[in-house]
Each structure stands twice: as C-alpha cells, then as structure tokens.
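Here's the structure we're looking at; comments come further down.
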Amino acid sequence: MREGYEGTGPGAITPDGCAVELYSRLPVGEEPDIIASAVPAGAHILELGSGVGRMTHPLLERGFTVTAVDESAEMLERVRGARTIRGAIETLDLDEKFDVVMLASFLVHAGDVEVRRGMLDVCRSHVADGGCVLIQREGENYHTDLPRERHDPSGFTIRMLSAEPVGDGVNSVRAEYAFPDAVWTQTFLARPLSKEEFEGALGEAGLRVDRYLTEDRVWVRAVPVEA
C-alpha cells in the first residue's frame with residue numbers, strides 16, 4: 001500500500017486503496033458519451049488508469065480501440081476485449097502515439113507533484129500530432145462540501161466523509177461506498193487545483209485546454225502546444 005493510501009472491504013485492494021470488487025460494481029454513468037462526443041469515431045484510445053474496464057468496455061462497444069493501462073494485475077484481469085498493459089502511469093513509455101490519451105478518475109490531482117508531472121508528461125509524449133488528451137478533474141467543491149452523500153439509483157450510497165489537510169496543499173480524503181451486502185472505504189491523498197493551477201500544470205507538460213466538455217468543467221479536452 002502506498003503511504004497515505006488505504007482501502008477496506010471485501011476482496012483485493014490495490015496500492016492506492018481501490019477495491020477491485022467495488023469498481024466492478026460501479027455503474028458506467030455518462031462518461032463514455034462525453035468521451036465519444038469529443039473524439040473522432042473509431043479512435044485508438046490510451047486509457048491511463050483503466051481499472052476493471054468500467055469505461056473501457058463501453059468505449060469498445062462504441063467502436064473505439066482501447067489500450068488499457070493499470071498498475072493492478074487484479075484490475076486488469078477483469079478487462080475484456082482491449083490490449084492491457086500493467087505498469088505505473090507516471091513512468092509509462094510505450095514508444096507509440098495514440099489518437100486520444102485519457103487520464104480519468106481525478107488522477108491529475110495526485111498528491112505528489114512529481115507523480116502528477118510524470119502523468120501529464122506521459123499524456124503529452126503518447127498523444128499523436130492532431131490528437132487530444134481527455135482529463136477528468138475534481139469538481140469545484142470536491143474538498144469543501146463535506147460530508148456529503150449521494151444515493152445511486154442502482155442501489156448503493158457514496159459518502160465523501162472528510163478531506164483533512166496533511167501539509168503542502170494536500171488533503172487526505174476519505175470515502176465510503178455502502179451496498180446492501182458490503183461496505184468499502186478508501187483513503188487517498190489529493191491536491192486541490194484551481195482552474196488556473198490546473199491549466200498551469202497542463203502548460204508545464206506542453207498541453208493546453210482546447211475546451212471544457214462539461215458545464216462543471218470536470219471533463220476537459222486538451223491538445224498539445226505547437227512548438
């Protein structure tokens with residue numbers, strides 16, 4: 001387990017506190033539609049942090065080719081129909097270019113600045129000329145509107161319990177997922193980023209915002225900065 005990260009509940013837990021069985025249960029939501037609307041039909045997508053394939057599988061169904069990357073072998077065992085690569089995102093070097101590189105799951109908010117820089121550098125180095133990078137960022141009140149909970153229509157409750165400062169602008173965030181037959185918790189480190197800080201981090205990696213894809217600015221389409 002990475003320092004500052006923890007997960008509880010049934011089944012395998014990844015180094016960043018994610019429960020494999022939990023992520024296998026979570027519904028897909030609207031993300032695949034958001035992604036499909038922002039990229040060319042049939043694009044080859046490099047999905048960084050694919051997990052069990054919650055978005056991978058709907059994207060395959062929509063006709064995309066997906067290369068799924070995750071550090072957890074247990075997560076990747078549940079991915080079907082995509083090429084899978086096990087490894088840390090921030091050090092990935094495939095010597096390939098992709099139409100689309102995707103960094104979802106709020107990974108851009110990594111507590112460790114060097115990890116974030118590594119992830120964004122990987123996005124930039126793997127995106128083809130004329131391609132794009134899709135990033136999912138935290139909502140504006142992610143760390144402040146707490147505690148809060150949401151009841152999902154599929155029958156479970158997500159509770160964001162706390163976000164406690166641990167120094168250097170980083171918070172220790174604790175979440176709970178309650179199903180009728182099981183409860184999982186995850187504790188992880190996250191660095192809040194304002195819109196300006198986020199765009200600055202992109203700029204350091206040679207990327208810029210092309211457009212925000214959702215009204216809440218959670219989903220972003222970025223493109224390489226021309227030399």
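Numbers here simply count residues along the sequence, with the first being 1. The model shown is predicted, which means the values in this text are computed figures rather than measured ones. For the numbers below, each heavy atom of this structure counts, side chains included, while hydrogens, waters and symmetry mates do not.
For the atom pair CD (E149) and CE (M160), the distance works out to 12.5 Å, reported to the nearest 0.5 Å. Between the OH atom in Y177 and the CG atom in D152 there is a gap of 11.5 Å [rounded to 0.5 Å]. Note that OG1 of T185 is 7.5 Å distant from CD of E176, once rounded to the nearest 0.5 Å. In this structure, T214 OG1 and I34 CD1 are separated by 5.5 Å, a value rounded to the nearest 0.5 Å. We find the CD1-CG distance between I135 and L213 to be 10.5 Å, quoted to the nearest 0.5 Å. Rounded to the nearest 0.5 Å, atoms CD (E6) and CZ (R174) are 6.5 Å apart.
Counting heavy atoms from C-beta outward, T187 and S172 have side chains that approach closer than 4.5 Å. The side-chain heavy atoms of R148 and Y142, taken from C-beta on, include a pair separated by under 4.5 Å.
The two residues M1 and T14 make their nearest non-hydrogen contact at SD-O, 3.4 Å. Shown here for A12 and E74, the closest heavy-atom pair between the two residues is CB-CG, 4.0 Å. Smallest separation of non-hydrogen atoms from D70 and S72: OD1-N, 3.0 Å. Across all non-hydrogen atoms, the minimal contact from M55 to E31 is SD-CB, 3.4 Å. V39 and C132 get closest at one heavy-atom pair: CG1-SG, 3.8 Å. When all heavy atoms of A190 and H143 are compared, the closest pair comes out as CB-CE1, 3.7 Å.
Annotation: salt bridge (Lys or Arg N to Asp or Glu O under 4.0 Å) contacts involving residues 55-68, sequence neighbours excluded, comprise D33-R62. Screening residues 8-24 for salt bridge (Lys or Arg N to Asp or Glu O under 4.0 Å), with sequence neighbours left out, gives E21-R25, E21-R78.
No donor-acceptor pair under 3.5 Å is formed between the side chain of E90 and the backbone N or O of M119.
Between H44 and the choices T65, D99, T67, the side chain to side chain donor-acceptor pair (under 3.5 Å) rule is met once, by T67.
Ring-plane geometry between F179 and F156 is classed as parallel, the angle between the planes falling under 30 degrees on a 0 to 90 degree scale with a further cut at 60.
E140 has a carboxylate O that lies under 4.0 Å from a charged side-chain N of R217, or vice versa, which qualifies the two as a salt bridge. A salt bridge is defined here as a Lys NZ or Arg NE, NH1 or NH2 lying under 4.0 Å from an Asp or Glu carboxylate O, and E197 with R116 fails to meet this definition.
Atom CG of D181 has more than 12 neighbouring heavy atoms from other residues, nucleotides or ligands inside a 6.0 Å radius.
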